[in-house]
Protein chains: 2
Amino acid sequence: MTNPGNVSRQLSMSTIVQAITTYGPISRASVSKMTGLSKQTVSEIVGQLEADGWVGTVGQTEGHVGRRAVVYEVVPDAALVASVDLGGTKVRVALCNLTGAVVAETVAPTVMTGGDAVTDQIASMIHRLTTDHNIDRSKVRSIVVGVPGVPQADGTIAYAPNVPGIETLNFPETLSTKTGVEVVVENDVNLAALGEHWMTKRGDSDDIVYLSIGTGIGAGLVIGGNLVRGSTGAAGEVGYLPFGADPFDPESLRVGALERVSATLALIDYYRDRTGKNLDVPGIFEAALTGDTAAQESLERAAKNIALAIGAITAVIDPSCIVIGGSIGARKELRELIRPALASCFPRSIPIENTLLGNHAALAGATSIALSRLHIALFTGGLKGAEINVPPPELGTFQEGAA
Amino acid sequence: MTNPGNVSRQLSMSTIVQAITTYGPISRASVSKMTGLSKQTVSEIVGQLEADGWVGTVGQTEGHVGRRAVVYEVVPDAALVASVDLGGTKVRVALCNLTGAVVAETVAPTVMTGGDAVTDQIASMIHRLTTDHNIDRSKVRSIVVGVPGVPQADGTIAYAPNVPGIETLNFPETLSTKTGVEVVVENDVNLAALGEHWMTKRGDSDDIVYLSIGTGIGAGLVIGGNLVRGSTGAAGEVGYLPFGADPFDPESLRVGALERVSATLALIDYYRDRTGKNLDVPGIFEAALTGDTAAQESLERAAKNIALAIGAITAVIDPSCIVIGGSIGARKELRELIRPALASCFPRSIPIENTLLGNHAALAGATSIALSRLHIALFTGGLKGAEINVPPPELGTFQEGAA
DNA sequence: CTAATAGTTCGGTAACAGAACGAATTATTA
DNA sequence: TAATAATTCGTTCTGTTACCGAACTATTAG
């Protein structure tokens with residue numbers, strides 16, 4: 001296989017693959033100039049990559065003085081990865097090629113009959129996608145699954161009440177045996193954070209926080225370009241920030257002081273307490289627009305507490321930008337309430353941005369991890385310092401609405 | 001010089017230096033087995049290292065079957081680094097050798113006559129140490145300075161009110177020209193965090209937080225073994241956590257809501273408001289011991305708010321352990337008040353530990369950075385993935401009381 | 001035809017692995 | 001006690017891989 005034995009060769013190959021993925025289509029002469037490797041070495045390695053089917057020629061240069069150069073590009077469909085977003089209500093599966101482009105995508109309601117059934121469902125959705133789109137199944141080399149819980153070292157997934165039966169199952173192993181492909185499991189909010197970071201070069205920042213506000217409130221942290229999971233996988237559990245509700249109230253130990261005043265139930269309960277009426281979250285947003293004071297106050301209280309949360313996060317890790325998503329967080333009205341609240345409780349101004357990927361953020365993050373792992377497996381043999389940075393595809397690829 | 005041109009050789013050399021520093025004294029045959037490099041290669045590289053004076057023989061093995069092996073060790077004094085802790089009242093300077101051992105140390109009151117004077121002071125303290133201990137000055141290869149402020153990209157140090165005149169000076173460049181050695185500047189609390197992490201293998205954890213409580217309150221974060229500085233260098237500025245005092249009070253924007261109720265002035269002010277009497281912080285601790293309720297309440301209020309801060313930090317980054325230091329934080333009485341408060345406002349139990357290094361923590365952190373940089377410069381040529389992990393010296397080296 | 005550029009061929013060098021070998025030492029046996 | 005076996009260390013030698021640079025061929029614009 002492609003993977004070379006010699007350390008020196010691994011580094012060279014990694015460098016060349018990086019150059020071609022990032023700057024392709026590109027000629028061997030240009031790669032040589034960019035990387036500092038000799039023309040001879042570049043030709044040799046590109047030849048091998050071509051023979052193995054990873055890169056291919058896509059034409060020649062024209063219009064310049066001198067001999068025409070043959071330009072190479074990564075063969076997009078030389079390998080595929082499956083990105084999965086396993087939610088409490090829906091499962092979303094995408095097959096992506098080496099450039100990160102979505103080749104096929106599908107959604108289905110999550111089956112609720114146990115962990116084994118969920119892995120079955122995912123396996124068959126992947127299988128279905130390959131057959132429906134006439135894709136060679138053996139091209140799928142890696143599966144990354146985002147789950148609403150905390151993956152443990154033993155393969156089980158803790159704190160995942162929304163997907164019954166995955167707390168007692170070795171999830172990656174089970175899915176791996178069913179598909180014959182390596183499986184990696186990661187928290188969905190973490191993946192969303194990674195996805196937003198990967199897809200959108202927000203000022204080239206490597207320190208961003210993705211804040212998801214919906215049924216619950218949670219954050220994904222990207223620091224120095226890497227995901228932060230914490231010592232027990234609980235990094236970003238900002239629902240437990242000790243303010244909002246009284247942190248010393250025992251109920252706050254269970255639910256989380258902040259979560260009690262900022263997530264879905266908090267909005268609904270507050271509105272009912274004030275008016276005696278039951279409205280769902282979209283209903284409250286709508287009522288607030290029509291001048292309903294109770295609805296407005298409900299949103300304002302949430303916004304104020306979310307601003308405090310952002311202040312707390314910023315005081316601790318000082319990110320360059322906060323991206324907000326989730327069913328509540330993605331609402332523009334809420335962001336506009338958060339900004340002034342934040343300015344009056346935190347000294348530094350910090351950009352608050354809307355998610356660009358919407359409910360596809362986790363899928364994008366899964367893809368970025370899957371591609372990184374694939375490149376390591378294929379070209380670097382796990383060599384430290386030879387990691388390949390996969391550039392993101394067109395923004396539209398993962399934007400909401402597709403499928 | 002030692003630094004080899006070829007990438008392959010750099011990796012091999014890095015591996016071998018790592019093995020000798022970590023497991024020395026060690027024979028070439030053992031290095032070969034451990035690293036997987038051939039005996040031939042190991043002999044060649046060790047020979048070069050010995051010729052250049054970085055490693056030396058320290059005897060032979062005995063008592064085993066077979067030919068005796070010559071064992072090698074890093075020559076501890078082949079190079080030195082200078083670690084500096086620049087505080088508002090004292091400057092502490094230590095010269096450390098390649099094993100991290102303190103070779104010479106000195107302390108002096110910080111000069112208050114401007115930034116240039118401070119760099120002069122540090123330069124002359126280093127010079128003095130070398131002459132007093134008969135050390136060849138050219139052996140000092142790297143200087144790392146901890147400062148009570150935020151180092152900027154342009155070399156100035158922001159937010160450093162306690163050391164006048166270093167906010168407008170290119171600090172590292174100035175000190176570097178005066179000493180002829182490369183200089184790195186880092187925030188002192190960050191260094192303390194790194195120092196505690198390096199010197200004390202706390203359950204092999206790579207995610208720890210050092211919380212300093214004294215004149216102000218600040219944290220240093222080590223995540224995945226690396227320092228987290230934040231996008232503006234303000235990571236760990238937990239004084240601005242939005243609770244304790246009212247975060248929406250404009251005064252909190254200036255001082256920081258948490259800092260207003262947990263640091264030195266907060267203790268003193270609270271006690272004076274309650275009793276009309278002025279006591280300093282040690283006085284308040286003493287009074288609390290003798291049963292003075294106002295003093296006890298002052299400490300309890302601080303402890304409660306510090307517990308909230310720890311809860312907030314844990315909710316965000318989930319460290320495996322919090323190390324507390326600083327003039328107030330190092331008090332055992334305070335820690336014993338914090339623990340129960342934390343248990344009643346945060347669901348997960350998290351170890352709260354006393355600093356093991358006391359006021360030498362920043363110095364230890366400076367040494368760890370300096371040694372890392374030195375190893376990179378000497379042996380790896382900055383090659384990614386070839387970093388050398390320098391094991392810490394004996395714990396006593398940096399413990400309080402020395403000098 | 002000339003200058004410029006692309007890509008190949010060839011020769012030389014650095015680095016490494018592995019085998020063979022000599023040296024030094026302990027353990028075992030006659 | 002002396003010879004021998006077994007074991008380990010370290011060097012030498014040989015072959016392979018990977019790299020670079022120079023020379024060379026091929027192609028193109030002007």
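Computed from heavy atoms alone, side chains included, the values below leave out hydrogens, waters and symmetry copies.
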Separation of atom CG in B:Leu11 from atom P in C:dC16, rounded to whole Å: 9 Å
Selected nucleotide, minimal atom distance to A:Ser8 side chain, candidates C:dC16, D:dA29, D:dA18: D:dA18
Side-chain contact check for B:Ser43: nearest option of C:dA17, D:dG21, D:dT11 is D:dT11
A:Ser12 side-chain N/O to D:dC19 phosphate OP1/OP2 under 4.0 Å: yes
Rounded distance in Å - NZ (B:Lys39) to P (C:dC21): 14 Å
So, with a heavy-atom separation below 4.0 Å from DNA chain C, the residues of residues 16-23 of chain B are none
Is there a donor in the side chain of A:Asp206 and an acceptor in the side chain of A:His197, or the other way round, less than 3.5 Å apart? yes
Minimum heavy-atom separation for B:Leu98 and B:Ala78, please, with both atom names. CD1-CB, 3.9 Å
Rounded to whole Å, CZ of A:Arg68 lies from C1' of C:dG7 at a distance of 16 Å
If you check every side-chain atom of A:Gln40, which of C:dT9, C:dA15, D:dG10 has the closest atom? C:dT9
Between A:Ile45 and B:Ala69, which residue's closest nucleotide on DNA chain D lies nearer the 5′ terminus? B:Ala69
Is it true that B:Arg373 and B:Glu182 make a salt bridge, defined as a side-chain N closer than 4.0 Å to a carboxylate O? yes
Minimum-distance nucleotide (side-chain atoms of A:Thr41 versus C:dA3, D:dC20, D:dT17): D:dC20
In this structure, how many angstroms lie between the P atom of C:dC16 and the CD atom of B:Gln48, rounded? 11 Å
Measure the distance from CG on A:Leu37 to P on C:dA14 and round it to the nearest whole Å. 19 Å
To the nearest Å, give me how far apart CG (A:Asn6) and P (C:dC16) are. 9 Å
When you check the phosphate oxygens OP1 and OP2 of C:dT5, does a side-chain N or O of A:Thr61 lie under 4.0 Å from one of them? no
Per atom distances to the A:Ala29 side chain, the nearest of D:dG10, C:dC16, C:dA6 is C:dA6
Between P of D:dG21 and CD of A:Glu44, the distance in whole Å: 15 Å
Base, sugar-phosphate or nothing for B:Gly47? Non-hydrogen atoms, less than 4.0 Å. nothing
Counting C-beta onward and ignoring hydrogens, is there a side-chain heavy-atom pair between A:Ile16 and A:Val46 closer than 4.5 Å? yes
Whole-Å gap separating C1' (D:dT7) and NZ (B:Lys33): 10 Å
Minimum-distance pair of heavy atoms, taken over all atoms of A:Ser30 and A:Ser27: OG-OG, 3.0 Å
Of all the heavy-atom pairs spanning A:Ala82 and A:Ile126, show the shortest one and how long it is. CB-CD1, 3.9 Å
Which nucleotide in the set C:dG7, D:dT11, C:dA15 lies at the smallest distance from any side-chain heavy atom of B:Arg28? D:dT11
Distance below 4.0 Å between B:Arg9 side-chain N/O and C:dA14 OP1 or OP2: no
More than 12 foreign heavy atoms under 6.0 Å from CD of B:Glu394: is that the case here? no
Ignoring hydrogens and angles, answer whether the base of C:dA6 and the side-chain atoms of A:Arg67 contain a donor-acceptor pair closer than 3.5 Å. yes
Per nearest nucleotide of DNA chain D, the residue lying toward the 5' end, A:Gly63 or A:Val42, is A:Val42
Closest contact, heavy atoms only, A:Arg28 versus A:Val42: O-CG1, 3.7 Å
